[in-house]
Amino acid sequence: MDELNKPYNPKDHEDKLYKEWEEAGYFNPDNFPVSQDTGSKIQVPRFCMVIPPPNITGSLHMGHALNSTIQDILVRYHRMKGFKTLWLPGTDHAGIATQYVVEKELKKEGKTRFDLGREEFLKRVWEWRDKYGHIILDQFKKLGASCDWSRTRFTLDPEYTKAVETAFLHYHKKGLIYQANRVVNWCSRCATSLSDLEAEYKEEEAELIFIKYPLDSARGKPLTDASDYIIVATTRPETMLGDAAVAVNPKDERYKNLIGKKINLPIQNREIPIIADDSVDMEFGTGAVKVTPAHDVADFEIHERHNLPIYQVIDEKGRMTEEAKFCVGLKTKECREKVVEELDKLGLIEKREKFIHNIAKCYRCDTVIEPLISKQWFLKMKDLAAKAKAEVENGNIKFHPENFAKTYLDWLGNIRDWSISRQLWWGHKIPLDGVDDVLDTWFSSALWPFATLGWPRAESRGSDLETFYPTQVLSTARDIINLWVSRMIFSGLEFTGKKPFSDVIIHATVLNKEGKRMSKSLGTGIDPLKLIEEFGADATRFALIWQAMGGQDIKWQQEAVMAGKKFLNKMWNATRFVMKQNENYKSPYFAEAPQGKQFTISKPDAKEKINQDILEKFEETKKTTEELIKTYEFGPALHLLYEFFWHDFCDNYLEESKKMESAETSETLLYVLTGTIKLLHPFIPFITEAIWGKINKENKKHLIVESW
RNA sequence: GGGCGUUUAGCUCAGUGGUAGAGCGUUUCGUUGACAUCGAAAAGGCCAUAGGUUCGAUCCCUAUAACGCCCACCA
């Protein structure tokens, strides 16, 4: 027999085996499964998952590693169970994220995208994509992901772009898309609008400034009497230049007699009214609110109710407009200082207070978001959301763990129309003549489960769309439940009339030892590629799944990798013992296998109780493992297999077996060992395949396509 | 401001309506031909706090606290 080196060394096997699998075409469901007898393709049930397409700017982090392992377990399990199994990979063009990365690169050359112009800039982004866009997929391969790479998709592929256009035109024709002037989240650095979900709120200390607004009747007089002015509080004093009114609550006794009176807006010297509006909170600040319709969502709504004029004082690049005569061209922050200084000079600052509040920032470049009025495209969400909501409520789509359904349902239940246009260059152009805007990157990823399978081409017999859609399971991170999952569900229902998948797995978040989010910029992240390099992909996968219990967040423990590494070694050494026993007893399995004959190890008809017992325990373990995989409890499944293999099989049975060596015993050892190797293959594919190759060296068939 | 989750051995986590388990760590013993990346054994927990339901709760209910996450237009 081949020498099994004493310690198991993943480097001797992992890359080599991956290449063997890939070259044999095992990942491609066009090739497998085939009939055991005739070798021809057969009709079998299908199993399909689409990978959450990583951004082309991405590089493998622990979340990807965990998610890929989870998906690979399901895919390998179903493949071994004889399903026609497709795991479809690909990448997302990631409009804003990629554009940001390339713009940063340009900045080093002292240029902006505007210097290059649209066409030239896009050329540059494509170059970037061709150079770096595939890196993350190679990293998935390192981990052992058995995706069908021949079907790799990209959201800006011509065919995919066709799907996006079809979707847009469908909505448009149906009257679900409209244009409107609204106050939207605006990132001045990216110079684009953002959806509500793309704004990230961070708690920061700010200053709440109380400003005296003189009543018109007191114009020109020193403000000695409190009845000569009204005080408003704001964290953004520069926006006062765009004020259209001051609003108070109609129930507020303090201001009742002021409603309808006029104010002389300082600096601008413009007359604005004091109005009554129910939305004003009497408890906050002074109970009087300055209303800036162009730069605040709530104020815009007040403007609609009271028919106020709009004064836009901040432009698309975050600079003050002509309207803000006092500070034209200044950045908002500079203008803020100048305004406060001026108000102070005029004796109009009542007081300044420290104030902790949430500041909205761009989720890609972290720039403070300025709400800004602008003309955008919107998708009407009401009906789409209702259908998507029903699909989960009636149990057609299930979340695992199920409490995440609440996140989904709550969002859809309070949904507002989706602003789908972006003023970026990298993305799908809105298909109407003369429009420069592109679509929200999530508009295209919402079509992923069916656009990757060929939609909107007609469903011909045998097409991927017909064969694999709807898919079965989607596994992803919890922070994109609304951003992505919900949108795939309503898109799937709208365009195919079918749910895109039946089960949604929301995997654990991998935190660092301190229980904090791993952050690349803070250097608190653990690089899975380094783990793979040092300990191998199997040990890395083991550690991830070992710690993933019940969807709870994982506080990463490096010790789990060591536990995995030791477990692999244990398996390796047990194999050597089992093979030796079988050779000693001239087991038929180690005789020359007849050419082309299937290598199967059948269950021994054991007479000895000790052998019967371990066989029984094995069957029990197999049954429970399958149940756990079917309910997506991968952590418990791995713990069970670990327990069984190490303690029941090695510590107890194998030790006892030494006292009663026999042909029956050696065959039992081999049966249980190989059986357990199969159960473990989805979790730790490399070592199990390597062991299989040692035992079954005459046969060319790999474990990856053996049946359970 | 809402909502959700967590709180069990030194650490990270399982688990069950009847007085608790794993991995790692610690201690002791073991160099018998699968494995020292090992084996055998041991120590170590009033299962966050306070009430309630129950014959009985770590597990069910209520409240509290701490930590974490998500959502939300309080200027």
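Just so it is clear, the values below take in all heavy atoms, side chains as well, and ignore hydrogens, waters and symmetry mates.
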Return the OG1 to CG distance between A:T407 and A:D479, rounded to the nearest 0.5 Å.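 It comes to 11.0 Å.
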Interatomic spacing from CD in A:E207 to CZ in A:R336 - rounded to 0.5 Å: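 Here the interatomic distance stands at 9.5 Å.
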Base-contact (B) and sugar-phosphate-only (S) positions in nucleotides 36-42 of chain B, heavy-atom cut-off under 4.0 Å, - elsewhere: -BSSS--
Strictly under 4.0 angstrom, non-hydrogen atoms only: write out the protein contact profile of nucleotides 65-73 of chain B, one letter per nucleotide from the 5' end, B, S or -. -------BB
Suppose we screen for ring pair (Phe, Tyr, Trp, His ring centres under 6.0 Å). Which residues come up paired with A:Y201, at least two apart in sequence or across chains?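 In terms of ring pair (Phe, Tyr, Trp, His ring centres under 6.0 Å), with neighbours along the sequence ignored, A:Y201 is linked to no residue.
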Under the ring pair (Phe, Tyr, Trp, His ring centres under 6.0 Å) test, residues paired with A:F686 that sit two or more places apart: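 Expected list: A:W21.
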For B:rG23 and A:H639 - does any side-chain N or O of the residue sit under 4.0 Å from the phosphate oxygens OP1/OP2?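 Answer is no, no contact under 4.0 Å.
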Contact under 4.0 Å: A:K555 side-chain N or O vs B:rU6 OP1/OP2: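 For B:rU6, OP1/OP2 do not have a side-chain N/O of A:K555 under 4.0 Å.
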What pattern of brackets, bars and dots sums up RNA chain B from 5' to 3', given Watson-Crick or G-U wobble pairs under 3.5 Å, [ ] for crossing pairs and | for another strand? (((((((..((((.......)))).(((((.......))))).....(((((.......))))))))))))....
Under 4.0 Å, heavy atoms only, any strand: does [X] hit a base, just the sugar-phosphate, or nothing?
X: A:F649; result: nothing
X: A:W546; result: sugar-phosphate
X: A:A563; result: sugar-phosphate
X: A:N403; result: sugar-phosphate

A:L241 side chain reached by A:Y311 side chain, heavy atoms, under 4.5 Å: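 No, side chains not in contact.
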Under 6.0 Å from the CD atom of A:Q558, do we count more than 12 heavy atoms belonging to anything else shown?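 Yes - once you tally the heavy atoms of other residues, nucleotides and ligands closer than 6.0 Å, there are more than 12.
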Run A:N569 and A:N573 through side-chain hydrogen bond (donor to acceptor under 3.5 Å, both in side chains) and show every step you take. CA-CA 6 Å; A:N569 197 238; A:N573 286 306; 3.2 Å; yes
Establish, for the pair A:K658 and A:F577, whether the NZ or CZ atom is under 6.0 angstrom from the six-membered ring centre and no further than 45 degrees off its axis.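 Yes, a cation-pi geometry holds between A:K658 and A:F577.
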Could I get the full list of side chain to side chain donor-acceptor pair (under 3.5 Å) partners for A:E533, not counting sequence neighbours?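 A:E533 satisfies side chain to side chain donor-acceptor pair (under 3.5 Å) with A:K11 once adjacent residues are dropped.
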